[in-house]
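Throughout, protein chains are lettered first and strands after them, A, B, ... in sequence-line order, and every chain is numbered starting at 1.
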Amino acid sequence: MGKTFAEKALGKAAGYEVRANDVVTLEPHFCMSHDNAAPIAKTFKKIGVKNVWKPERLVFIMDHAIPAPSDEHAVNHKEAREFAKEQGMTHFYDVSSQGGVCHQIMCQEGFALPGIIMIGSDSHTCMYGALGAFSTGIGRSEMAAAWATGKIWFKVPESLKITVTGQFKKGVSAKDLILKIIGDIKADGADYMSVEFHGPAIEAMSLAERMTLCNMGIEMGAKNAVCPPDAKVLEFIKDKAKSDEWEALWADDDAVYAQELSYDLGDLVPCVAKPHAVDNYAPIDEVKGQPIHQAFLGSCTNARIEDLREAAAVLKGHKVAVRTIVIPASWSVYRQAMKEGLLDTFLDAGCVLCNPGCGPCMGNHEGILAPGEVCISTANRNFKGRMGNKDSFIYLASPVTVAASAIAGVFADPREVR
Amino acid sequence: MDQKKLRGRAWVFEDNVDTDLIYHNKYLAETDPKKMPQFAFEYYPGKEKFAKEVKPGDFVVAGRNFGCGSSREHAVYCLKEGGVPVVLAESFARIYYRNAINNGYPVLFVKGLSQGIKDGKIVDGDELEVDLATGTITNLTQKTSFHGDAVADLENEIMTAGGLIPYLKAQVAQ
C-alpha cells in the first residue's frame, strides 16, 4: 500500500514510518510569524526558557499593518523587532523594500521548500505547499511552544486527492478553479485533511497559480494543501533555497485517500464567492450588472507578477469606474511590475497603488469600506466585516474578473472586455 | 478535568461560524485576553448583545466547523475569559480546536447538533446540563439530549495541565 504526501513528509520528519491518524511529534523546519510575533514573544517569555531553540529557524515578516497605522501596531512591530534582535535572529523582514506579504516572502525568498515541515502563526501558511512543503497554520500559544522546544505534534491527516485535467478557457483562471472546488465541497469539506492537487493541468500551471490554489486550502478546512515538486519547483528554488535539507517528496500512485475528486478546467467559467462565505459560489452571470463601489487587486492569494500582468492586460486603454486599489504582493513584485510598465497601466486607468502588505484584506487600513458598500476583491476571505465594516459586502474573484468589474463599475465578465 | 456537571443557558449559533464573527479583526491588536470578552460575537447578526448579556456558565452551542478562518487565539480567549465554560459544536475547524486545547479550554464534538439546531431542538436561552466526563448534554428546557465525544488522550494531557504553556512550564521546571 502506497503513501500519501502527508504520510511521507511527516514520516520523514518524525524519523519513522507513519500512516494517517498516527500522532507524531517532530521538529519544524521553519516557523513563520508576522506582526503577531510580538504577542507570541510575550507568551514565549512565560514558559521560562530564555532562548528560542534555533534562531535561524524563525522568520518574522511585518505585513499585516505596515507602515504602522496606529500606536498599537507600532508597539507590536517594535516588540517583534526587539525580540528578533535579542534572540539573534537572521530572518527578519521589517518595513523595507525587502519585504511584502509574509506568504509571498516565504515563497519568493526560498524558505518554502519541497518535503520540509513548515508552520506559521497565520492560517494561510498552507500556501507553501505550492512548492511542495508540508505547511500549516497554527495559533500563537502553539508557536511560542515551538520556539521554546523545537517540537510540534500533529495527527497525520487523511488526504483528499483532487485531479485536474484540461485547459482554462479565456478569462478563467486558478482562482475560478479553487472557488469552484470550495463551493462544491464547502467550508468544512476538507476539515483536518491534507489536500493534494494532481494531474496534467496542475503540472501545466505556473507556480503563481499553484500558490493561489494552495493558499485557499484553509478555506475548505484543510490542514495543508500541496502540489507536486516538479521541474518548475526545482528550477525556482535552485538559487534561493534557504536550506539544503529539502527533498522532493510526492504521493505514491497507490496511496489511499479518504476522498477523491476530479475537475476539468474546460468546464469552468469566471465566478465569484458571494458574501459572507467563501463557499458561496456563483458564476459571474448570476451577479453581472450589479453595482460595486471598490475593487481590490492584492493579497497573498492573487498579487504576484503573473496576476498583475493579467489584470493590467484587461485594464490597458480603459479607465476604472470605481476606486481601485492595487497592492503588489511584495516590493520585488512591485519593482518588476514597474519595469514592465504595469504600474503605468494601473495609474493610467485611474487605480491607486499602495505599499506591499496585507492592505485592506482584513480591514486594517488602505481601503476600509463604508456601510452598504460592495467590494470585488482578489483576496481569500469575504467574511462579514472582514474589510472593516459589518454592513459592507465582499465578493471574491480572479484578477481579470476584478479588473473587468473595476472598468464597468458593476460585476462584469472578463471575457466580454474589448 | 473537572468532573462536575455544568449548568447554564444556551447561546445558539449556525454552521461555519468564522473567527471574524467570533472576534473581529478590528480588535486584533489587543493582546490582553481579559479585555477580549467585550468584543465577542459583535459581528454576528442577532448576537450583538452577547458580550453584554452573557453570564458566566452560559454555553456557546453551534453547528459544523465552528471557528473556521483565521488562526487568532482571541476567538478562544474572548469566550474562555468571558466565563463560557465549554463550546459545544458538531465539529470544530482545525486551528480553533488546537487553540482551545492549547489553552486548556474544553470543546465538545457533538453528533447531530447541526441538525438539532436547525430543527429547533436547542434554541437561545434553553437551560442545559453538560457532563464533561461523559459528554452528555441534557436540554432541561426541551427535555432532549445530545452526546459529545470526550477529547483524546494526548489532548487530555495538555488540557489537564491547564494548556500548552503551563504544561511546558511544568516540564521546564523539572
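Using a 4.5 Å cut-off between heavy atoms, Ile218(A) contacts chain B through its side chain alone, with no backbone atom that close. In this structure, no portion of Lys186(A) lies under 4.5 Å from any heavy atom of chain B. Heavy atoms of Phe66(B) lying under 4.5 Å from chain A are absent altogether. Only the side chain of Thr149(A) comes within less than 4.5 Å of a heavy atom in chain B; its backbone stays farther off. Contact of Gln171(B) with chain A is not made at all, since no heavy-atom distance falls under 4.5 Å. For Asp35(A), no part sits under 4.5 Å from any heavy atom of chain B, backbone or side chain. Both the backbone and the side chain of Phe92(B) come within less than 4.5 Å of a heavy atom of chain A. Proximity to chain A (any heavy atom under 4.5 Å) is shown, for Ser70(B), by both the backbone and the side chain. Contact annotation for Ser121(A): only backbone heavy atoms (N, CA, C, O) come within less than 4.5 Å of a heavy atom of chain B. Using a 4.5 Å cut-off between heavy atoms, Arg140(A) contacts chain B through both its backbone and its side chain.
Per-residue heavy-atom pair counts under 4.5 Å with chain B were compared for His276(A), Arg381(A), His73(A), Lys42(A), and the maximum is reached by Arg381(A). Considering only heavy-atom pairs separated by less than 4.5 Å from chain B, the leading option among Lys46(A), Glu72(A), Lys390(A) is Lys390(A). No other option in Asn36(A), Val23(A), Asp188(A), Asn76(A) has as many heavy-atom pairs under 4.5 Å with chain B as Asp188(A). Heavy-atom pairs under 4.5 Å with chain B were tallied for Gly139(A), Ser141(A), Ala38(A); the largest tally goes to Ser141(A). Ranked by heavy-atom pairs shorter than 4.5 Å toward chain B, the options Asn364(A), Val278(A), Thr136(A), Val49(A) are led by Thr136(A). Per-residue heavy-atom pair counts under 4.5 Å with chain B were compared for Gly221(A), Gly137(A), Pro39(A), and the maximum is reached by Gly137(A).
With hydrogens and angles left out, the side-chain atoms of Asn103(B) and Glu73(B) include a donor and acceptor closer than 3.5 Å.
Both the sub-6.0 Å distance and the 45° axial angle are not jointly satisfied by Lys223(A) relative to the ring of Phe154(A).
Ring pair Tyr192(A)/Tyr97(B) is perpendicular by interplanar angle, where above 60° counts as perpendicular and below 30° as parallel.
In this structure, Asp126(B) contributes its side chain and Thr141(B) its backbone to no donor-acceptor pair below 3.5 Å. Between the Ser135(A) side chain and the Thr125(A) main chain, a donor and an acceptor come within less than 3.5 Å of each other. Side chain of His124(A) to main chain of Cys300(A): no donor-acceptor pair is present (N/O by atom type, distance under 3.5 Å, no hydrogens or angles). Although no hydrogens or angles enter the test, the distance criterion places a donor-acceptor pair under 3.5 Å between the side chain of Glu90(B) and the main chain of Ser114(B). Without hydrogens or angle criteria, Arg386(A) side chain to Cys361(A) main chain gives a donor-acceptor distance under 3.5 Å.
Once rounded to the nearest 0.5 Å, the distance linking OG of Ser33(A) with CD1 of Ile40(A) reads 3.5 Å.
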